[in-house]
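Everything numeric here is computed off the predicted structure, so don't read it as measured data. Reminder, nothing fancy here: chain letters follow the sequence lines and each chain counts from 1.
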2 protein chains.
Amino acid sequence: MTTAATQRPTLAAVAARAGVSASTASLAFSGAGPVSEATRARVLAAAEELGYAGPDPRAQSLRKGRSGIIGVVMEDRLQYAFSDPVNVAVLEGVADELGPAGFALLLLTDTAESVAGIALAPMDGVILIGCSRDLDVPVTAFRQRGIAIVAIEAEPLEGVVHIDLDNREATAAGARHLRELGHERVGLVTLPLGSAHETQPLSDGLIEGSNVHTTIQRIRGARDVFPDAPGVVAAGFSAEEGLAAGRDLLASHPEITAVIAQSDLLALGVIRAAEEAGMRVPNDLSVLGFDGIRLDGTTHHDLTTLVQPSVEKGRAAGRAAVALVEGGDARGESFSSELHLGSTTAPPRA
Amino acid sequence: MTTAATQRPTLAAVAARAGVSASTASLAFSGAGPVSEATRARVLAAAEELGYAGPDPRAQSLRKGRSGIIGVVMEDRLQYAFSDPVNVAVLEGVADELGPAGFALLLLTDTAESVAGIALAPMDGVILIGCSRDLDVPVTAFRQRGIAIVAIEAEPLEGVVHIDLDNREATAAGARHLRELGHERVGLVTLPLGSAHETQPLSDGLIEGSNVHTTIQRIRGARDVFPDAPGVVAAGFSAEEGLAAGRDLLASHPEITAVIAQSDLLALGVIRAAEEAGMRVPNDLSVLGFDGIRLDGTTHHDLTTLVQPSVEKGRAAGRAAVALVEGGDARGESFSSELHLGSTTAPPRA
DNA sequence: GGCGACTATCGAATCGATTCGACCGAATCG
DNA sequence: CGATTCGGTCGAATCGATTCGATAGTCGCC
């Protein structure tokens, strides 16, 4: 086996067989530099005969100081992270940009154990997506290694390019929409605030102990308009978890006439909870979502929601990472969400 | 910038500062070999002072001949691939095994453009998951590079470790269950057969032109029991696409009393299509799924389905890849699905 | 007290490519 | 016709670590 591995042909072997020097063979493969057509053909033929598949990426990355790999750090459990369609869309956007630019995508998770080892991979850059864990340790490690860092919707960090969304303002706009309709008692169903994946009442303590930027900003936005709005923190991203949170909220706060859910899937769950409780949406309860993912066939409602450019966020992050690695500079980008007026909000019954 | 990059400390610099040789410094970091406690401390201190984050992974991988990276090849569009919960579960299983074993996961997509470049990343091994595209080209490239290959539910390939599922037998078992209930006119709603993402009637030509192993095996299993069962190929993995396919099937074959859907999400769509058409499940139409994913809250039915160990499949693939890279040998594994009797199948009405 | 067994450390070779500067012959230009 | 440039090729240095064999010391033991 070791023998077999050793026998794998190298550029030098190919060069020898083609009767040229290694440098020339290298040029023949990379195309960087003048090589006569005849020579190139000879080298390629020799490679073919020897079964040489091209320069070893490992050696290339050492010499070039670049591996062509950009990491994406996601939530601990992938099933969990991928249950949020926005995360998937963002990842798609990232992949869209990375592929054509010649970069590969390394999927990393911010497990406790891996925090230390997360920087051990040969990456040129890294993109942080919706991580709940504390970012200081890994970010420091990345910096030391000279790995370019891009963060999506994270709290401001020195030396990190940020891709942002107007979470607070957008939510506030949605809240104002509800107030204009006449709502005064509004409840919140929020995304998780940390790694405790359980349904629980929203409290100031929870907010302060958390560093999940997006969730916090959306809570702030809602409270900019409804300062005393009570809330329930969902255990996850799915409609089921929205259902559970919705039940809790409706049971503990029967007075509310509208719910601001922090994602469309949560909103879907809330609608189910309402229907379960014999309420009609939007007549008895208005429901506002966030994200603007398509929910065809899943519900008969056209959800009123804040549509955000998820894929575009990922693209921007991918572009920024590539720019940082290649050129050296990239500025952050800020995206905004747009209120889509669907059929799930209406004036309160009263 | 280039200067800054050049100034990043190297092991040699750390060694010099600690007053030891590079070899000793290396041992101090890797722990492979005898180093006095005092020396190790001195080296670590020097590293700390210089802001050295440990050996460069690029250099390590060249020297060791290993990068610690295992690639996972998925469908072209990630949003599409991740719309199948089984794919996500498999990926989770893979990640579960790779992380603790010290390997990172590179996410690759089998785009047409990337087929050539797919092997350019410094990988030690690769896992192929549900790829519809032709695998010959990339597999050959992987082999030439000495990259270990593991494939999940793929057609047999030389030099590739296979992780299999009893798709055909399981589907046949489900079909027999329907026949035992008394069904004679059964329809199929299948997963995609290729990259043409559109709803279309199932035809022999389509099957022959396809190389999507899983879909084909499940069709065969169904036809082992109901040789003439007509079918519709869904445009994708989601419930919406199942709904579309279900509508087509029910419209073109009103005589059928049961549907064998190739996934739970498709089954869910078929149930919606049936209800839409005024049929009740299971009284007017029996529906059989595949996968055994949890569909809590999404439907009021307890789906009769073939439960497969998705995460475990991913784990097995991850383990095999690691074993192949580290030791040298690994045998394939074969998993089986179990019929879960839910409330969506019953004797035909008549 | 001397010799073998260790321990800690070091030097040098190596992994497989890229790249810069030098070199040479041929074509171009004045 | 001689000087100049340029296209094509080659040598050697380099990227940053790991690792094998060699070399000093150190200790124990007879």
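- Within the structure, a side-chain polar atom (N or O) of B:Q60 is placed less than 4.0 Å from OP1 or OP2 of D:dT18.
- Looking at B:L91, B:L98, B:L106 one by one, the single match for side-chain contact (heavy atoms from CB on, under 4.5 Å) with A:L107 turns out to be B:L91.
- Side-chain contact, B:S26 with B:S23: no donor N or O sits under 3.5 Å from an acceptor N or O.
- Note on B:S26: a side-chain N or O is less than 4.0 Å away from OP1 or OP2 of D:dT18.
- Using N1 to N3 plus N6-O4 or O6-N4 for Watson-Crick, or N1-O2 and O6-N3 for G-U wobble, each under 3.5 Å, C:dG30 pairs with D:dC1.
- A straight line from CZ of B:R63 to C1' of D:dC20 spans 9 Å, rounded to a whole angstrom.
- The base of D:dG11 is not paired with the side chain of A:S21 by any donor and acceptor separated by under 3.5 Å.
- When the side-chain nitrogen and oxygen atoms of A:Y52 are compared with OP1 and OP2 of C:dG16, none of them lie within a distance under 4.0 Å.
- Remark: A:T39 is in phosphate contact with D:dT9, judged by side-chain N or O atoms under 4.0 Å from OP1 or OP2.
- Here the side chain of B:L11 is nearest to one of C:dT9, D:dC15, D:dA17, namely D:dA17.
- The side chain of A:S61 contributes no N or O atom lying less than 4.0 Å from OP1 or OP2 of D:dC15.
- No hydrogens or angles were tested; on distance alone, a donor-acceptor pair under 3.5 Å links the side chain of A:S23 to the base of D:dG11.
- In this structure, A:P34 reaches the bases: a heavy-atom distance under 4.0 Å links it to at least one base atom across the strands shown.
- Ionic pairing of B:D124 and A:R58 is present here: one or more N-O contacts between side-chain nitrogen and carboxylate oxygen are shorter than 4.0 angstrom.
- Side-chain atoms of B:L62 lie closest to D:dG16 of the nucleotides D:dC15, D:dT9, D:dG16.
- When distances are taken from the side chain of B:K64 to each of D:dA17, C:dG16, D:dT18, the shortest belongs to D:dT18.
- In summary, of the residues considered (B:R319, B:R315, B:K313), a salt bridge (Lys or Arg N to Asp or Glu O under 4.0 Å) with B:E333 occurs for B:R319 alone.
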